[in-house]
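Notes follow the structure.
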Amino acid sequence: MELDTLDRIAAEVFEGYVVRKDLALRFKGQYPVPTYVGEFLLGRYCASTDEEEIAEGLAIVERQLKERTVRAGEEELYKARAREEGRVRIIDLVTARLDSKSDSYLATLPSLRLNDVRINPQLVAGNERMLTGGFYAEVELEYDAIVAQEQSGHPFGVASLRAIQLSTRAVLEDLSRGRESFTTEEWKRFLIRSVGLEPDALSEREQDILLLRMVPFVERNYNMVELGPRGTGKSHLYQQVSPYSHLVSGGKATVARMFVNNATGQRGLVAQYDVVCFDEISGVSFDQKDGVNIMKGYMESGEFSRGRESIRADGGIVMVGNFDVDVEHQQRIGHLLSPMPPEMRDDTAFMDRIHAYLPGWDVPKMRSDLFTEHFGLVSDFLSECWDRLRSESRVSTLHGRVQFGGALSGRDTMAVQKTVSGLLKLLYPNALKPVTDEDLEWAVRLALECRRRVKEQQKRIGSAEFRNTHFSYRIGEDGIEQFVLTPEVGSDDQIGADPLPPGQVWAIGPGGPDDYAGLYRADVTVGPGSGVRILNQPVPPAFRESARYAEQNLYARAQALVGDRDPRGHEFSVQLRAFDASRSGAFLGLPALLALCSALLKKSLRGGLIAVGGLNLGGGLDPVHNAVSIAELAVEKGAASLLIPVSARRQLNDLSDEMATKLTILYYSDAREALVKALGNF
């Protein structure tokens, strides 16, 4: 392997904490232990860039895994060694239970098929997780021949154990110090390598989703759903990378195991682990009728009851599952939470407690070239850092810098804040480091998208209280309001219900003798300078004329259109996008003028609007001769409202009843009235 820039930085600033991730892959599947167990040993013996040291360390790791992991069929061999030698060392998943008959604890070692192993109460008290889901440990197993001769005796006992996932180093300080040597983009890529994947084989979008998967590990009581195709590694992070998470496979989930055992008072998984992940969520059900309600209450408040006692826990709930159909088809036949269990899939109150819905369909299926051969943080070190970050919050970073739009409810705002906090903790493990506006906006946009996806499914179920999903934000006091979409809602040439950013407008060119009517979008940006510059190359002559008419009307009627703003003191960059066979851009003067005004005012036009109208130099409006065809095209493209000159009113009396019910017609008599109606409430 050839070291790249990230490898060299990582090896220098995280000496002893990095490991080549391809080394861990060598042992994957060879031994009956998760990836992080192998990495724990690799971190102990192979945390080096020196090939000779790595080779020596690999030999030690391989020998320990070979000697201490029990393969199927070798159980009796290891038991015999314990009897003959008195003790034997193994690596196994240790669980324990209280045996009330003998008033003692008994451990279970599944690889040896032993369910009645003696264990010291002090060991249990210091490692309570063995009473719930258990954990991997290096176990020294002893055999007592005298006890074996006693009636109902338990000859095997745990002499000592070392939990594999626990680190005692001042890890967070080391992580923060090392982070300073990376740029933000380098750090994102390094985090992805640290979970075993190669960022160079992934798109920016795919990398973002993988980073979102990490948020539940650093944010307390974080509830997330990810549904998508099979084979995209949805459960990998929760099963193989961090020992602070527990994977519940599809099937019955007991209230006692999840929350609290009323008979013994023993706390459940959510109190023992940072993340509890339900795999194959469609097949999960609770053993009690009120199980979902208990989980719903816990997801809301982080509390659950045991009799009169209220118990707090900070474990997050993650639900992953598979789609049997593609996303577009799923949206046609139902909603994107349909694969959930029946008691969850249509419960809007349950959905409201989900902080983020990750688009698993945007992650590629796992293949060999997606796994990295480069250096990454040892899983033991990384998971311990994530656990320490859970006690911190980055919500204060938003205060005074980000304003959310009116469409967000209190729960929406809290969900977005938790996601932003988690993403910023991943990027900035040192809470004292200032967060750039660029990184803050990246986190805000991702958080809004993932929460809006939840809201869109609530709206699809039909509840009126969730109808406003136009999520938006502003960065800084004078920032422009930006609206955040969920990409799967519509295609590039479909007019969504969300307002476009300032300076953008949907338009229909009415066509003419040599041209068809067609859909366009005009995009305008404003900068220092003067005049209007069209970016299209070559510039369609008809659109050049439309843009010139729009520019002259803006100068002539500036006071009425944009108030005290001086359009002559700004340069407007204009780009026209055509989505149909029509390419001329003829008779688009009025839409072009709306785009210029919107950009200068820094205000979005109303969502779902499509504008029609040609201008002349004197401010007059060109007649529209095919208004019915234009209205039908607007409906076809998904528009909610059509802004059209009032001279077309009589023609539109011939619009069919079906079309008339799908489209709101907004008439205007001059450019100012068109702008006022286009801005609507924005």
Side-chain angles (χ1 to χ4, degrees), residues 1-71 89-92 136-138 162-167 169 171 174-175 178 182 186-187 189-202 210 214 233 236-245 366-386:
M1 183 202 78
E2 186 175 341
L3 298 182
D4 63 9
T5 303
L6 281 186
D7 291 325
R8 286 188 283 271
I9 297 173
E12 181 180 347
V13 301
F14 289 118
E15 185 178 359
Y17 296 155
V18 292
V19 66
R20 267 177 43 192
K21 292 293 174 172
D22 60 322
L23 300 181
L25 287 177
R26 291 190 184 188
F27 304 117
K28 188 174 182 180
Q30 291 189 42
Y31 301 99
V33 291
T35 303
Y36 66 79
V37 173
E39 279 200 24
F40 176 84
L41 298 174
L42 288 169
R44 187 188 294 173
Y45 299 110
C46 301
S48 170
T49 57
D50 186 276
E51 290 294 338
E52 290 187 7
E53 290 182 18
I54 289 175
E56 291 176 8
L58 271 175
I60 297 172
V61 171
E62 188 150 19
R63 185 173 66 250
Q64 289 197 358
L65 286 173
K66 187 175 182 179
E67 293 176 353
R68 298 182 182 181
T69 58
V70 184
R71 297 176 183 272
R89 291 183 182 273
I90 63 169
I91 295 174
D92 205 353
Y136 275 89
E138 295 175 302
R162 177 180 179 180
I164 276 176
Q165 67 267 33
L166 298 180
S167 172
R169 300 182 286 264
V171 291
D174 294 334
L175 185 75
F182 295 82
E186 287 173 340
W187 184 248
R189 294 174 63 233
F190 184 59
L191 282 177
I192 291 170
R193 281 185 176 177
S194 294
V195 298
L197 299 175
E198 179 49 54
D200 291 345
L202 299 162
L210 292 174
M214 304 175 192
H236 169 75
L237 201 61
Y238 313 103
Q239 185 177 31
Q240 298 289 340
V241 174
S242 174
Y244 285 100
S245 66
M366 293 294 106
R367 54 183 192 270
S368 59
D369 63 306
L370 290 181
F371 296 102
T372 188
E373 297 179 347
H374 294 272
F375 281 103
L377 292 171
V378 176
S379 294
D380 173 53
F381 173 79
L382 180 64
S383 57
E384 186 69 21
C385 291
W386 283 350

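Because the structure is predicted, anything quoted here is derived from the model rather than measured.
Taking 4.5 Å as the limit, every side-chain heavy atom of Val18 sits out of range of all side-chain heavy atoms of Phe381.
Taken from CD in Glu12 to CG in Asp7, the straight-line distance is 13.0 Å, to the nearest 0.5 Å. A distance of 9.0 Å separates CD1 in Ile91 from CZ in Phe40, rounded to the nearest 0.5 Å. Atom CG of Leu191 is separated from atom CG of Leu197 by 12.0 Å, given to the nearest 0.5 angstrom. The distance from the CD atom of Glu384 to the OH atom of Tyr17 is 11.0 Å, given to the nearest 0.5 Å. The structure places CD of Glu138 at 12.0 Å from CG of Asp92, a figure rounded to the nearest 0.5 Å.
Residue pairs meeting the side chain to side chain donor-acceptor pair (under 3.5 Å) criterion with at least one member in residues 193-202, sequence neighbours excluded, are Asp4-Arg193, Arg189-Asp200, Arg193-Glu198, Glu198-Thr372.
Of the residues listed (Val37, Leu23, Val378), the one engaging Leu42 in a side-chain contact (heavy atoms from CB on, under 4.5 Å) is Leu23, and it is the only one.
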Could you list the donor-acceptor pairs under 3.5 angstrom formed by side chains in residues 54-65, with sequence neighbours left out?
residue : atom : partner : partner atom : Å
Gln64   : NE2  : Tyr45   : OH           : 3.0

- Task: Kindly determine whether Val195 and Leu210 satisfy side chain to side chain contact (heavy atoms under 4.5 Å, CB included), including the steps that lead there.
- Result: CA-CA 9 Å; Val195 298; Leu210 292 174; over 6 Å; no
- Working for side chain to side chain contact (heavy atoms under 4.5 Å, CB included), residues Val19 and Phe375: CA-CA 5 Å; Val19 66; Phe375 281 103; 5.6 Å; no
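Counting all heavy atoms, side chain and backbone alike, Ala163 lies closest to Ala137 at CA-CB, 4.0 Å. Closest approach of Leu3 to Arg8, counting heavy atoms only: O-NH1, 3.0 Å.
Considering only residues two or more places apart in sequence or on other chains, Ser379 meets the side chain to side chain donor-acceptor pair (under 3.5 Å) condition with Glu39. Phe182 pairs by the side-chain contact (heavy atoms from CB on, under 4.5 Å) definition with Leu6, Ile9, Ala10, Val13, Phe14, Arg179, Glu186, Trp187, Phe190, not counting sequence neighbours.
At least one donor-acceptor pair closer than 3.5 Å links the side chain of Lys21 to the backbone N or O of Leu377. Remark: the backbone N or O of Tyr238 is paired with a side-chain donor or acceptor of Ser245 at under 3.5 angstrom.
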